[in-house]
Amino acid sequence: MNTMRRRIIQYQNRQLHKFGGSSLSDIKCYKRVAGIIKKYSEPGDLIVVSAAGTTTNQLINWLKFSKINHHLASKVQESIRSYQENLIIGLLSKKKANLLKFNFLSDFTHLCSLLNKPIDNYIYSEIVGHGEIWSARLMSAVLEEFGISSQWLDARLFLRAEHSSHPEIDEIASRPLLEKHLQKYYNKRLVMTGFIAKSKKGQTVLLGRNGSDYSATQVGALTGVKKITIWSDVAGIYSADPHKVKDAYLLPFLRFDEASELARLAAPVLHARTLQPISFTNIDLQFRCSYDPNKGSTKIARMLESATDVKIITSHDNVCLIEVILFKYQNFLQTYKKINLFFKKNQICPLAERVKLKNQLIQFCYTKEVAYNVMCNLNKVGLVKKISLRDRFSLVAIVGAGICKNSLYKDCFYQNLKDQPVEFFWHSKENISLVAVLSTNKTLYLVRKLHQSLLLLKKHFKLILFDKSNINFCYLILLHSYKKLFCFIIFIKIVLYKNVIVFKLIQINCVINYY
Ligand code: ASP
Ligand code: MG
């Protein structure tokens, strides 16, 4: 096969792997990720990384404290420095470690000098985005140590975006720049920084918290990869956040529109823009666990039937309400339409909203991360009489194609919320989500309760088997493959009919998913 042909095949089969901060939080994690890359990737594949562990949060704290509490600031500074240095020393040979330590310390000195200046948006981004530089550089060096030829790349070399509340990658400007780098290093694993891009003025632009997923799908779409795998500390997308709900179960498949809605509702598992770059492509997207790749996965499927079932309970404990009051003489509907158009044009549509015609009031719900920015932008347009921001709200939602048409689910959702401080309910036009905005920021108990009554009660069965013979296990396997209720009934009948003598009691909890 000639080189050209081999190169074309390589491009056609190219994959992208993205590793989140929790997959890179210590020395063991880095080694595990290197093993995954060795096993699951080929030369020419792309790797996107987030900052290691909680580095981004630490950088934000460092920045904050530097202006209000010098003692705390230097403590955080010291912990960032020792954390990064320990990773480098623990992972690399002495010679290579010295080089990386030198590079790290020169970055660090640069960041310290920036902290002495007044902090604006640009300095903030430059400092907070540095965690990804350190993790990409280190991951690439670790791969080389594992005998895997690799090159790290600062995404600011090729990803172009401008500052805004939801920065968007300029594909036309970025594509040729990226292509140039890909050609240069076609036979290496390329480790790229997530989360950061560069503006026309040459300043660092952050893509929003958890924005590395967006970097990954954007780079994947720009290069036309075959498959994107997002590796994290959980196996995929669950029926609820598995860190909060212990009974949450993994969804092996999720419809594209359901995943998009989940992202739109600011669920931490999916950055709001993650699916956008690949929505008109046929790139496969899957989620997997870097701690245990065999734990299962979630595939985002474009063609999947749904039975108007609730798939996921999601929540956000840090949302705000932007309240807009119109002038008495203003045409309410017209202004409302104009505001919505403005949101759409600037890609800052709210998570949920309520219209109170009688009071000439509209409430728009946003995450705290973007609310202030949106409010400032809306203020500049000058369409309304008064705009204010109210803090300390939360959002709880159920997601599933067509669920708003299912009165059973709707009733159950309202019932569960009847004693809660609900500010308002909202449902998506596509009937894919039902949202409650609450004037509290504690939703843990509520999410568990909703999960229990909407997702577990109907599908969670306790089976008591009076036998441990092979035949029982055969039925269990059957049950798993058919995933239908009648399997239970047949199973129980047969067991009772065939087992007169009780040998042993086994109790099994079985969760059945409908797809
Ligand atoms: N490191 C960034 C953050 O913590 C981006 C990411 O993790 O995707 O938000
Ligand atoms: Mg992260």
Side-chain angles (χ1 to χ4, degrees), residues 16-26 29-30 33 46-64 76 79-80 83-84 87 104 107 111 121 124-139 152-156 159 161 163-169 191-198 204-221 228-234 236-237 241 243 259 262-263 266-278 285 287-291 316-318 367-370 373:
L16 186 147
H17 297 268
K18 183 258 161 178
F19 295 93
S22 56
S23 295
L24 300 168
S25 55
D26 57 26
C29 285
Y30 266 87
V33 167
L46 313 176
I47 290 123
V48 172
V49 290
S50 297
T54 57
T55 303
T56 310
N57 287 350
Q58 297 265 52
L59 287 166
I60 293 172
N61 286 339
W62 184 30
L63 227 151
K64 245 189 342 209
V76 179
S79 101
I80 297 173
Y83 175 69
Q84 295 295 332
L87 284 176
F104 165 71
D107 289 344
L111 299 190
N121 212 346
Y124 181 92
S125 307
E126 178 71 20
I127 295 176
V128 174
H130 250 78
E132 271 69 10
I133 305 276
W134 301 328
S135 58
R137 192 156 56 202
L138 179 56
M139 191 68 244
W152 84 277
L153 282 176
D154 181 340
R156 291 174 297 184
L159 288 186
H163 282 279
S164 81
S165 34
H166 286 303
E168 195 179 359
I169 300 295
V191 185
M192 306 172 178
T193 56
F195 190 41
I196 51 176
K198 198 163 92 175
T204 303
V205 175
L206 300 182
L207 300 174
R209 290 312 306 267
N210 302 316
S212 302
D213 287 354
Y214 173 45
S215 307
T217 49
Q218 187 64 80
V219 169
I228 298 171
T229 309
I230 295 184
W231 298 85
S232 71
D233 59 344
V234 291
I237 300 176
D241 184 343
H243 299 300
L262 197 62
V269 65
L270 269 173
H271 177 269
R273 283 205 197 280
T274 305
L275 296 163
Q276 187 185 301
I278 56 163
L285 176 63
F287 294 82
R288 266 179 109 164
C289 178
S290 66
Y291 289 75
H316 201 299
D317 283 350
N318 225 339
T367 60
K368 196 170 179 185
E369 194 189 349
V370 301
N373 239 324

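Note that the coordinates shown come from a computational prediction; the quantities given were computed from them, not determined experimentally. All values below were derived from every heavy atom in this structure, side-chain atoms included, with hydrogens, water molecules and symmetry-related copies excluded. Counting starts at 1 for both ligands and their atoms, following the listed order.
Checked against side chain to side chain contact (heavy atoms under 4.5 Å, CB included), S25 has the following partners two or more places apart in sequence or in another chain: C29, Y83, Y291. Residues passing the side-chain hydrogen bond (donor to acceptor under 3.5 Å, both in side chains) test with T217: none are found, sequence neighbours excluded.
Among R209, E369, E132, the residue whose heavy atom sits closest to atom 1 (N) of ligand 1 is E132. Comparing G20, S212, A51 by heavy-atom distance to atom 8 (O) of ligand 1, the nearest is S212.
Contact annotation: the side chain of K18 approaches that of S50 to within less than 4.5 Å [non-hydrogen atoms, C-beta and beyond].
Remark: side-chain polar atoms of T193 are not paired, donor with acceptor, to backbone N or O of D154 under 3.5 angstrom.
Looking at ligand 1, you won't find any N or O of D213 less than 3.5 Å from one of its N or O atoms.
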